[in-house]
2 protein chains.
Amino acid sequence: MVTGGARAGAHKYLAVRAYLADLVTTELAVGDAIPSERSLTEKFGVSRMTVRQAIDALVTEGVLERAQGRGTFVAPPRADFEMRLTTFGEEARRRGLTPGATVLRCEELPAPAPVAEALDREVGTPVHHVVRLRTADGNPMSVEESWIPVDLAPDLLEDGVPDSLYAALRERGLDPSWGEELITAADGTPEELESLQMQTSRAVMRTARRTFGGDAAVMYSRASYRGDRYSVFVPLREARPTLVPRTRPAEPGAETGRPAQPGRIPEGSPR
Amino acid sequence: MVTGGARAGAHKYLAVRAYLADLVTTELAVGDAIPSERSLTEKFGVSRMTVRQAIDALVTEGVLERAQGRGTFVAPPRADFEMRLTTFGEEARRRGLTPGATVLRCEELPAPAPVAEALDREVGTPVHHVVRLRTADGNPMSVEESWIPVDLAPDLLEDGVPDSLYAALRERGLDPSWGEELITAADGTPEELESLQMQTSRAVMRTARRTFGGDAAVMYSRASYRGDRYSVFVPLREARPTLVPRTRPAEPGAETGRPAQPGRIPEGSPR
DNA sequence: CACATCATGAGGTCTAGACCAGTCTTCGTG
DNA sequence: CACGAAGACTGGTCTAGACCTCATGATGTG
C-alpha cells in the first residue's frame with residue numbers, strides 16, 4: 001500500500017486520496033475509470049463532498065479526468081506539464097546516466113553586483129561560491145557555478161562540497177520550492193571549451209537560475225552545457241489570459257512586506 | 001465590470017468567482033486580503049462551500065493564496081509559472097518589439113519521416129511546409145520552419161501565408177491547446193548564419209515544437225534563433241514526485257482510443 | 001513594562017442530504 | 001428489426017449547518 005503519509009488519524013480526504021493514488025499506480029491503466037463517487041462514499045463512510053475533495057486534488061494534478069455522465073478516468077501522462085526544480089544529478093539519473101562532479105573552485109567571497117541582485121541582497125554580502133564540472137557517465141556535460149548566502153547556511157561547505165547543494169539546503173530547512181531560469185545559446189569561452197573538451201562545435205547552452213525557498217532567494221546559479229550533448233524539454237500550456245492584480249498606487253510609508261518578487265535574472269558576468 | 005461570461009442565470013460560484021476576479025484586477029493590489037469567506041456567504045446569499053469553490057478555483061490558478069487563521073490574499077504574480085503556447089508575434093509584441101516575417105519557402109509536400117513521426121502520421125502524408133525569416137523591429141531573429149497536415153486545413157495557404165499560423169488554425173476550429181518543445185544550442189549552419197546576418201558569433205538556439213489541438217498533433221515546427229538576441233525564460237516548480245499510472249498489460253484487441261501521447265520530439269534534419 | 005492568557009475571527013475539514021445535467025443501456029412499441 | 005422513451009447510472013452544483021486549527025490583538029497580571 002502506498003497509504004504512506006496519510007495515516008488513519010489524518011484527514012479523511014487524504015485517506016481517500018491515498019487510496020486512489022494507490023489504485024492509479026498499481027491497478028489502473030490510462031483511460032480506466034475509477035470507482036464512482038457514490039461508491040467511494042460508502043467504501044470509506046464519508047460524505048460525497050469529502051470524496052470530491054480527494055478527487056479534485058488529483059484532477060488538479062492532472063492525474064485524473066472527470067467526464068460528466070460517464071465517470072472519472074485515469075488521465076494520460078502529459079509529460080510533466082511544468083518544468084521542475086531538479087538538480088543535475090537527478091536529471092542525469094532520470095536519463096539513465098551516472099552523474100559526477102569535479103570541484104574547480106570553492107570559496108567564500110563578498111557578492112558581486114549581479115549575484116547580489118539575483119539574491120535580493122546588498123552588494124558585498126558574504127556568499128559561498130562553488131564552481132564544478134558536471135559529468136554524466138564520465139563525459140563532461142557542463143560547467144556550473146553557484147552562489148549561496150553564507151548566513152542561510154554557514155556550515156554548508158565545512159565537510160567539503162556536498163554532492164547535491166539542493167539536498168544540503170533542504171537539510172537546513174531551506175526547501176527550494178520554486179525558481180526561474182533564463183536560457184540562452186552562446187559561443188563557449190576558451191576556458192569553457194577546454195573544460196568541456198569541445199573540439200569541433202563551440203555552442204553552449206547557458207542557464208541562469210534563481211532558486212527560492214518560501215519568499216527568499218536561497219541560491220543563484222549559472223551553468224554552461226555542451227550544446228551537442230544537452231537539451232531542455234519544455235511542456236507548453238495553452239496561452240490563456242491571466243488575471244493581473246491592480247498595481248499598488250504609490251503610498252509613501254506603506255510596506256508590502258512581500259520580498260523576492262520574480263524579475264529579471266542578471267546575465268552579466270558575475271566576476 | 002468584468003462579470004462577463006458569468007451572467008446572473010449561470011452557476012452561483014461563477015458569480016462569486018467573477019466578483020473576486022474583478023476585485024483583484026480593479027481594487028486590490030498584491031498582498032491585499034479579499035473579503036472573508038463568511039462575509040462573501042452573506043453578500044451573495046450562498047453557502048460557504050459555494051464561496052470556497054470560487055476561491056479554490058482562483059487559488060489553483062495562482063491568483064490567490066490562503067493562509068489559515070489570517071485570511072486569503074492576492075498572490076504575487078509568479079511570472080506565469082507555466083510556459084505558454086505563444087507565437088513569435090505575440091512574444092515580440094509582449095517585449096515591445098514589432099514582429100515581421102519574410103516567407104522563404106511555401107509548398108505542399110509528402111511528410112518526411114521525422115515530420116511524420118512528430119505529427120503522428122504516416123510517412124508521405126501531404127503537409128503544408130512554410131519557412132520564414134522572423135524579424136523584430138526589422139532585425140533578423142530566427143529562421144522558422146513549420147509543417148501542418150494538409151487534411152486538417154486544406155485551404156490554409158490559399159491566400160498566401162497568414163501572419164499567424166496559430167490564428168489561422170484557430171479560425172478553422174483547431175485550437176492549439178498544448179504543446180511540447182525541445183531546446184538545444186548549436187553552431188548555426190552557413191545558410192542560417194547568413195539569413196540571420198550573424199557575423200562574429202555562431203551560436204543559435206534551436207527549438208523543435210509539437211503543437212496539439214485536443215488529442216491530435218496539428219503542427220510541427222523548428223526554429224533557429226540568434227543566440228545573442230534571444231533567450232527563454234522558464235519558471236520552475238518544485239520537484240515533487242508525480243503519480244505514474246500502471247502500464248496496461250498487452251491485451252491483443254484492446255483499444256485505448258487515446259491517440260497522441262507525448263513523447264520524443266524528432267530532432268534529426270527533416271529534409 | 002513585559003509577558004502569558006484569552007477571545008475573536010480567519011481558513012480547514014466534514015456531514016447528509018438535495019436537485020440538475022449529461023450518458024448509456026434497456027425495453028417497449030411501431 | 002429499427003427506433004424512441006424510460007430508467008439507471010455518472011459527475012456538477014448547492015445547502016445549512018458543525019467542529020477543528022491557527023493567527024492575532026486585546027487584556028490582565030506579575
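In this text the structure is predicted, and so the values were computed from the model without any measurement. Throughout, protein chains are lettered first and strands after them, A, B, ... in sequence-line order, and every chain is numbered starting at 1.
With respect to B/Arg38 and B/Glu42, no salt bridge is recorded, no charged nitrogen being found less than 4.0 Å from a carboxylate O.
Taking atom CD on B/Glu65 and atom C1' on C/dG11, their separation rounds to 14 Å, with Å as the unit. Rounded to whole Å, the distance from CZ on A/Phe73 to C1' on C/dT23 is 10 Å. Look at NZ on A/Lys12: it is 19 Å from P on C/dG12, rounded to the nearest Å. One can place CD1 of B/Ile34 at 18 Å from P of C/dG9, the figure rounded to the nearest angstrom.
For B/Asp175, the CG atom sits in a packed shell: over 12 heavy atoms of surrounding residues, nucleotides or ligands are nearer than 6.0 Å. Summarising the local packing, CG of A/Asp159 is surrounded by 12 or fewer heavy atoms from other residues, nucleotides or ligands at distances under 6.0 Å.
Each of B/Ser36 and A/Gly69 was matched to the nucleotide of DNA chain C holding its nearest heavy atom; the match closer to the 5' end belongs to B/Ser36.
If you check residues 39-56 of chain B against DNA chain C, the residues with a heavy atom closer than 4.0 Å are B/Arg48, B/Met49, B/Arg52, listed by number.
Note on B/Thr72: a side-chain N or O is less than 4.0 Å away from OP1 or OP2 of C/dG11. Here A/Arg70 does not reach the OP1 or OP2 of C/dG22: none of its side-chain N or O atoms lies under 4.0 Å away.
Judged by distance alone, the side chain of A/Arg121 and the main-chain N or O of A/Glu117 form no donor-acceptor pair under 3.5 Å.
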Discussion item. Using side chain to side chain donor-acceptor pair (under 3.5 Å), reason through A/Tyr166 and A/Thr211 one step at a time and then give a plain yes or no.
Written reply: CA-CA 10 Å; A/Tyr166 274 14; A/Thr211 303; 2.7 Å; yes
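Taking the side chain as every heavy atom from C-beta outward, B/Arg17 and B/Ile55 never approach each other to under 4.5 Å. Two residues are said to be in side-chain contact when any heavy atoms from C-beta on lie closer than 4.5 Å; A/Leu23 and A/Pro35 meet this criterion. Using a 4.5 Å cut-off on side-chain heavy atoms (C-beta onward), A/Ile34 and A/Asp32 make no contact.
Nucleic acid contact class of B/Ala33 (heavy atoms, under 4.0 Å, all strands): none.
On a pure distance criterion of 3.5 Å, a polar donor-acceptor pair joins the side chain of B/Arg38 and the base of C/dG11.
Below 30°, between 30° and 60°, or above 60°: for B/Phe44 and B/Tyr19 the angle between ring planes is above 60°, a perpendicular geometry.
Close approach of DNA chain D to chain B, defined as any atom under 4.0 Å from a non-hydrogen atom of the protein, starts and stops at D/dT13 to D/dT24.
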